[in-house]
Student: 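Here's a structure for you.
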Amino acid sequence: MSVPVLYIVIPCYNEQEVLPLTAPLFREELQRLSETGKVSENSRVLFVNDGSRDETWRIIQELSQQDPHFQGLCLSRNRGHQNALLCGLMEAREKCDITISIDCDGQDDIRAMDQMVEEYLSGAEIVYGVRSSRETDTFFKRFTAQSFYKLMSWMGADTVYNHADYRLVSARVLKEFANFREVNIFLRGMFPLVGFKSTSVYYERNERLAGKSHYPLKKMLALAFDGITSLSVKPIRIITSLGVLISVVSFLLIIYALIAWAAGHVVAGWASTLIAVAMIGGIQLISLGVIGEYVGKIFLETKQRPRYIVSERTGEMKEQ
Ligand code: UDP
Ligand code: MG
């Protein structure tokens, strides 16, 4: 087997603080990998600018002018982490043998790439990066993130526990993955569906080197709910929240009605009627919301809109 060409794919959104710090680290890792003969000298670091509003794209352009090992794609607007990553993977797959996707904030241990490439060389087509501890995360982040994985598996989504989007995927897998045409994408749940030989590599997760997280609780909840949020299914989600709210109010009403009944302040049949009406109302709205969520998904899928649009490319990425 000849030496594989590696593309490190990195989505970036408003990362002007952290990019100048981490870009050299990715470059170093690439250098080390090619010096030890594990990957080809033609390997690249590919940044995907996800419609940043700051200087991120300018930084990427400068990097690629100084050193052709850095390449970049610019999306026409912010499409979210998953779509940006998908774009990078799809663009890279024709040019390389393996891709490694990683966040640009230095939280995931870049050195774990050594082991990932080794696993690939010994036969794995997908290598999942798994966090061995979350000590550097705040308690809140750790708790919410772990509940998220538990909820996912409880709901029947096949994901690797404590694996986010730090993973090695071979071009062979990406070729098959390109046939997954859905617009509601949740990559970490989709790669296991492709199959092929896979394995995991464990690493410690660090703190962000600079800048701040784009995944506050609100975004994480949305991710947990359906993989990807979409503006146009929001009204349906509001119905669901309304259902929950009404259920809570009904519950309080139930308690109130029971107390009133026990105290004998009611006409016969009042409590039971009230309970039934309030309860059923709440449950119906929740159910409608959940069904609506699926209808919303179908709505988006039938449109088959493009999942990303590339507006600019650096030098090498212009060649097809
Ligand atoms: N990101 C992106 N588009 C977005 C939000 C985030 O491409 O709309 C990128 C971001 O630049 C980073 C990665 O996704 O490289 C993970 O984001 P972040 O570090 O903010 O999330 P966390 O690690 O806190 O979950
Ligand atoms: Mg991060």
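Each residue takes its place number in the sequence, starting with 1. Both ligands and their constituent atoms are indexed starting at 1 by order of listing.
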Student: Does Glu204 pair with Arg131 as a salt bridge, N-O distance under 4.0 Å?
Tutor: no

Student: Return the set of residues passing ring pair (Phe, Tyr, Trp, His ring centres under 6.0 Å) with His69 (not counting sequence neighbours), or none when no residue passes.
Tutor: none

Student: Give the numbers and elements of all ligand 1 atoms closer than 4.0 Å to a heavy atom of Pro11.
Tutor: 7 (O), 9 (C), 10 (C), 11 (O), 12 (C), 15 (O)

Student: For ligand 1, does Gln107 get within less than 4.0 Å through its side chain, its backbone, both, or neither, judged by non-hydrogen atoms?
Tutor: side chain

Student: Suppose we call two aromatic rings close when their centres sit under 6.0 Å apart. Are Tyr166 and Tyr203 close by that rule?
Tutor: yes

Student: Could you say whether the N/O atoms of Cys104 and ligand 1 ever approach to under 3.5 Å?
Tutor: yes

Student: Are the charged groups of Glu62 and Arg58 less than 4.0 angstrom apart, N to O?
Tutor: yes

Student: Does the shortest distance from the Mg ion (ligand 2) to an N/O/S atom of Asp105 fall below 2.8 Å?
Tutor: yes

Student: Heavy-atom pairs closer than 4.0 Å: do any link ligand 1 to the side chain of Val48, the backbone, both, or neither?
Tutor: neither

Student: Go through Arg32 and Glu29 one step at a time and tell me if the salt bridge (charged side-chain N to carboxylate O under 4.0 Å, His left out) criterion holds.
Tutor: CA-CA 5 Å; Arg32 194 171 43 242; Glu29 177 66 22; 2.2 Å; yes

Student: List ligand 1 atoms under 4.0 Å from Glu15, heavy atoms only on the residue side.
Tutor: 10 (C), 11 (O), 12 (C), 15 (O)

Student: With heavy-atom distances below 4.0 Å as the criterion, list the atoms of ligand 1 near Asp103.
Tutor: 13 (C), 15 (O), 16 (C), 23 (O)

Student: What atoms in ligand 1 come closer than 4.0 Å to a heavy atom of Asp105?
Tutor: 19 (O), 23 (O)

Student: Hey, which atoms in ligand 1 end up nearer than 4.0 Å to a heavy atom of His81?
Tutor: 1 (N), 2 (C), 3 (N), 4 (C), 7 (O), 8 (O), 9 (C), 13 (C), 14 (O)

Student: Ignoring hydrogens and geometry, is there a side-chain-to-backbone donor-acceptor pair from Ser43 to Ser40 under 3.5 Å?
Tutor: yes

Student: Donor-acceptor check, side chain of Arg79 to backbone of Arg307, threshold 3.5 angstrom: yes or no?
Tutor: yes

